[in-house]
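Data block below; observations after.
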2 protein chains.
Amino acid sequence: MKQMTQRQAEILEYLREFIGREGFWPSIRDVQEHFGFRSTNAVMGHLRALERKGYVNRIPGQARTFRLLSDDGLPAGAVETEEIPVYGSIAAGYPDRIESSGEVGRLLVDIHTANIRRGGKTFALRVTGDSMIGAGIQNGDMVVVHPGIPRDGDIVAALIDGETTLKRYVHPRGGTPYLKAENPSYPELYPTTELVIQGIARAVIRNL
Amino acid sequence: MKQMTQRQAEILEYLREFIGREGFWPSIRDVQEHFGFRSTNAVMGHLRALERKGYVNRIPGQARTFRLLSDDGLPAGAVETEEIPVYGSIAAGYPDRIESSGEVGRLLVDIHTANIRRGGKTFALRVTGDSMIGAGIQNGDMVVVHPGIPRDGDIVAALIDGETTLKRYVHPRGGTPYLKAENPSYPELYPTTELVIQGIARAVIRNL
DNA sequence: GATAATAGTGCTCATTTGTTCAAAGATTGC
DNA sequence: GCAATCTTTGAACAAATGAGCACTATTATC
């Protein structure tokens, strides 16, 4: 496989970044706009080069149909990996706002390892506090969170009355769902105004 | 979130299947063709329902721009990853021989996520037993182990008197090292003949 | 029995989007 | 120096694609 140029690598990186961020591929004009090109043909040239060199594959004439073939330096579609943005920390203690100013890091795991599926907006949060200690989630752990509908017993990142916390979701048959800490020193949390589930914890990663 | 109908679930499943197989989203007409509809509007109806019920999200007017909100994940690739062999399970309980007949699986993680170095003889083991529960390591967790010389307080995979276990390594100043469980129901382990450290636990990964 | 939601057909339309032709300056290898 | 490749501009086109309107049937729901 031929070497790609600096500019071509930038284009390729943007494709990666876009699909990771948005969940679908960019159009030619999305790429054009991002790089500030005055013509879509600037993009076409690079894409043709990347295709010729074997980094990218597309369905001719069809919209947003990329495939990363890669290998060189970086992995690709063959291995089902997911780059997960880390959005800051979440309180596993008393509810708090998520402490984050956007993305603060990235995790990369394959989807089986992290127990996630393709297509959604998975993210990760660093846990602060010890209210989930009974579930083996400690202060400083990283939780991989996936948006979805929780079932009774799931551990969730939840927005309760305007603040965010990591707790176990309990939904009694016919009752109102509430949040339960896995630590006797913390009370159950019953929502007074709202309970929004931001995501379900799918995996816990801890560095020792 | 409202319940979806049988037909709507079929549509959703097709979206999943398609993105998983092709790597990009289908167009409305792709869906139409697959189900044999005579009109694209049949698809539109179902998509509108799925959107209204919160299972799917799209960018209006733009091609192949789906997002699955409930149960799914996506592609991408990126940084320094390491494929770690999984060698079976290790007892975090009473010492036992490592139950393994060679490699039984693989983990793929990036080296920062798993706190490891490249090129080492890192491996992973599934934990059996609950003797490390106090350190937040549960039955069924995966531990990433890296060979090395342990320091006092490290969690290690150790061979003690011919059997293997996962424990905390304690080395008192001027004393003999021993192994300590993080669970009051288990005793300290003092080696009678040998204590070989097979590796230091660097990370714990748990799927929820 | 009325009303709403579901499940389609058929057709048309406007945009989105990929593609092509023509051209030119910059860089690199021979 | 010359050819090849890279990088970009600009304009125009045609196909791909999502979306709307009108209408029919069936199945729940109240």
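Below, read A as the first sequence line, B as the second, and so on, with proteins coming before strands; counting in each chain starts at 1.
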Sugar-phosphate, base or nothing in reach of [X], heavy atoms under 4.0 Å:
X: B:Arg7; result: sugar-phosphate
X: A:Ser27; result: sugar-phosphate
X: B:Arg38; result: sugar-phosphate
X: B:Thr5; result: sugar-phosphate
X: A:Gly61; result: sugar-phosphate

Integer-rounded Å distance: [N] [atom2] and [X] [atom1]:
X: A:Glu10; N: D:dC6; atom1: CD; atom2: C1'; value: 13 Å
X: A:Gln32; N: D:dG10; atom1: CD; atom2: P; value: 11 Å
X: A:Met4; N: D:dT5; atom1: CE; atom2: P; value: 19 Å
X: A:Phe37; N: D:dA11; atom1: CZ; atom2: P; value: 18 Å
X: B:Arg29; N: D:dA15; atom1: CZ; atom2: P; value: 14 Å
X: A:Tyr55; N: D:dC6; atom1: OH; atom2: P; value: 12 Å
X: A:Asn41; N: D:dA12; atom1: CG; atom2: C1'; value: 12 Å

Would you confirm whether [X], through its side chain, and [Y], through its main-chain N or O, come within 3.5 Å as a donor-acceptor pair?
X: A:Arg206; Y: B:Gly136; value: yes
X: A:Asn183; Y: A:Asp130; value: yes
X: A:Gln138; Y: B:Ala135; value: yes

Checklist entry - Does A:Glu51 come within less than 4.0 Å of A:Arg48, counting only side-chain N to carboxylate O? => result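 No salt bridge links A:Glu51 with A:Arg48.
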Checklist entry - Is it true that A:Lys167 and A:Glu182 make a salt bridge, defined as a side-chain N closer than 4.0 Å to a carboxylate O? => result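 A:Glu182 and A:Lys167: not salt-bridged.
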Checklist entry - When you match A:Asp30 and B:Gly36 each to their closest nucleotide on DNA chain C, which lands nearer the 5' end? => result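 Looking at DNA chain C, the more 5' nearest nucleotide goes with B:Gly36.
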Checklist entry - Please walk me through it: do B:Ser39 and B:Asn41 pass side chain to side chain donor-acceptor pair (under 3.5 Å)? => result CA-CA 5 Å; B:Ser39 166; B:Asn41 210 18; 5.2 Å; no
Next on the checklist: Looking at D:dT5, I'd like to know if its phosphate oxygens (OP1 or OP2) sit under 4.0 Å from a side-chain N or O belonging to A:Lys53.
Outcome noted: no
Next on the checklist: Looking only at the aromatic ring of each residue, does the gap between the centers of A:Trp25 and A:Phe66 stay below 6.0 angstrom?
Outcome noted: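 Centroid separation for A:Phe66 and A:Trp25: below 6.0 Å.
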Item to check | Inter-end axis angle, the helix from C:dG1-D:dC30 to C:dC30-D:dG1, with every axis fitted to five base pairs (rounded, 10 degrees) | outcome: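 Roughly 50° between the end axes, to the nearest 10°.
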Next on the checklist: Counting only side-chain heavy atoms from C-beta out, which of D:dT9, D:dA19, D:dC6 sits nearest to A:Ala42?
Outcome noted: D:dT9
Checklist entry - Which is it for B:Leu15 and B:Val56 under the side-chain contact (heavy atoms from CB on, under 4.5 Å) test, yes or no, and what are the steps along the way? => result CA-CA 10 Å; B:Leu15 296 182; B:Val56 166; 4.2 Å; yes
Next on the checklist: Within the 3.5 Å criterion, strictly below it, is a donor on A:Arg64 or B:Gln62 matched to an acceptor on the partner's side chain?
Outcome noted: yes
Next on the checklist: Below 4.0 Å from chain B heavy atoms, what is the first contacting nucleotide of DNA chain C and what is the last?
Outcome noted: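 Nucleotide range with atoms under 4.0 Å of chain B: C:dT6 to C:dT17.
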